[in-house]
Amino acid sequence: MLGEDIALDVKIVVAGGAGAGKTTLVGSVSEIRPLYCEEADGVGLGMTAGGAVGAEVERQAGEMGREPTTTVAMDFGRITVHAGLSLYLFGMPGRERFRFLWEELSTGALAAIVLADPGRLEDCVPAVDHFERARIPFVVAVNRFCDSPGLPERDVARALGLDAGCRSCCATRDIGSPEKMS
């Protein structure tokens, strides 16, 4: 058991495909105001002046089933489990063009969470591969989206080439209320 004079800070990284809910997860569980490093994601979308996300970009993103912004560096949050034990959460970018950051962000991590979209499981395979190569223990959490298929845990594990089953979670943002996990 940790004594009062011992402090332990633990680094946990959150990875997965773009739009899987990593930013929402970090923001939902963080006890501090999370740090988000996002930019408008204009790939295939009409951009407004200065790269700002306007109503038209948000509408187009929604029609394409994509988020209007993307993480370009990391998201950051903290959870204090109890006095002397804090978890520092680092959300990794999901887009392929930012994967060069993964090794640096993973350095010193005790463990990882791979967040998967059940409609796009293949998008989280690079994260699974990364943590296996880096020998960082990880869990796979399958996010629940209202338009995504519900998949049995064994099917998710099989699709990702994993032995153990997965547990599902839901990272949601309610309009007009703080972000929260449900």
Side-chain angles (χ1 to χ4, degrees), residues 10-31 34-38 41 43 61-79 81 87-99 101-103 105-106 109-175 177-182:
V10 177
K11 181 179 184 179
I12 306 290
V13 291
V14 181
K22 300 174 299 295
T23 296
T24 302
L25 173 68
V26 171
S28 295
V29 299
S30 179
E31 68 192 25
L35 169 68
Y36 299 122
C37 299
E38 294 187 313
D41 183 13
V43 179
E63 287 177 2
M64 295 172 68
R66 297 189 33 209
E67 54 191 6
T69 61
T70 191
T71 300
V72 296
M74 68 176 190
D75 300 315
F76 175 78
R78 183 186 72 212
I79 302 170
V81 178
L87 304 179
Y88 289 91
L89 305 173
F90 290 79
M92 297 169 42
R95 303 253 183 246
E96 185 175 355
R97 66 184 181 266
F98 299 116
R99 286 194 191 143
L101 296 168
W102 286 12
E103 188 170 335
L105 287 172
S106 297
L110 179 67
I113 300 168
V114 176
L115 191 57
D117 177 341
R120 299 179 292 141
L121 287 175
E122 67 281 357
D123 289 357
C124 72
V125 170
V128 169
D129 291 344
H130 171 77
F131 296 125
E132 286 179 336
R133 276 192 312 276
R135 303 178 78 89
I136 296 173
F138 64 93
V139 296
V140 175
V142 181
N143 207 343
R144 294 184 310 231
F145 296 100
C146 58
D147 60 344
S148 293
L151 297 174
E153 294 166 2
R154 67 182 177 281
D155 291 350
V156 173
R158 189 176 308 119
L160 299 178
L162 302 173
D163 295 329
C166 307
R167 301 289 178 243
S168 67
C169 69
C170 183
T172 61
R173 288 185 188 173
D174 291 341
I175 303 299
S177 69
E179 296 175 14
K180 62 183 178 182
M181 285 293 291
S182 61

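The model shown is predicted, which means the values in this text are computed figures rather than measured ones.
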Starting at CG of L89, measure out to CD1 of I113 and round the result to the nearest 0.5 Å.
-> 6.5 Å
Taking the side chain as every heavy atom from C-beta outward, state whether T23 and P34 have any pair of such atoms under 4.5 Å apart.
-> no
More than 12 foreign heavy atoms under 6.0 Å from CD of E31: is that the case here?
-> yes
Can you name the closest pair of heavy atoms from V156 and V142 and give their distance?
-> CG1-CG2, 3.7 Å
So, do L121 and R158 sit near enough that their side-chain heavy atoms are less than 4.5 Å apart?
-> no
Beyond-backbone contact of V13 with W102, side-chain heavy atoms, under 4.5 angstrom = no
Does K22 reach the main-chain N or O of G17 with its side chain, forming a donor-acceptor pair under 3.5 Å?
-> yes
To the nearest 0.5 Å, atom CD1 of I12 lies from atom CZ of F90 at 10.5 Å
Nearest heavy-atom approach of E132 to L162 is OE2-CD2, 4.0 Å
Closest non-hydrogen atom pair, G16 against A127 = N-CB, 4.0 Å
So do the side chains of P126 and E96 get within less than 4.5 Å of each other, counting heavy atoms only?
-> no
Minimum heavy-atom distance G77-V26, with the two atoms named | N-CG1, 3.7 Å
So how far is it from L87 CG to R78 CZ, rounded to the nearest 0.5 Å?
-> 10.5 Å
Just how far is it from atom CZ of F131 to atom OG of S106, taken to the nearest 0.5 Å?
-> 4.5 Å
Interatomic distance, CZ@F98 vs CE@M92, rounded to 0.5 Å, equals 13.5 Å
Flag the pair N143 / D117 as yes when at least one side-chain heavy-atom distance between them is below 4.5 Å, and no otherwise.
-> no
State, with a plain yes or no, whether a side-chain heavy atom of C124 is found less than 4.5 Å away from one of L160.
-> yes
CZ (R120) and CD (E122) are apart, to the nearest 0.5 Å, by 8.0 Å
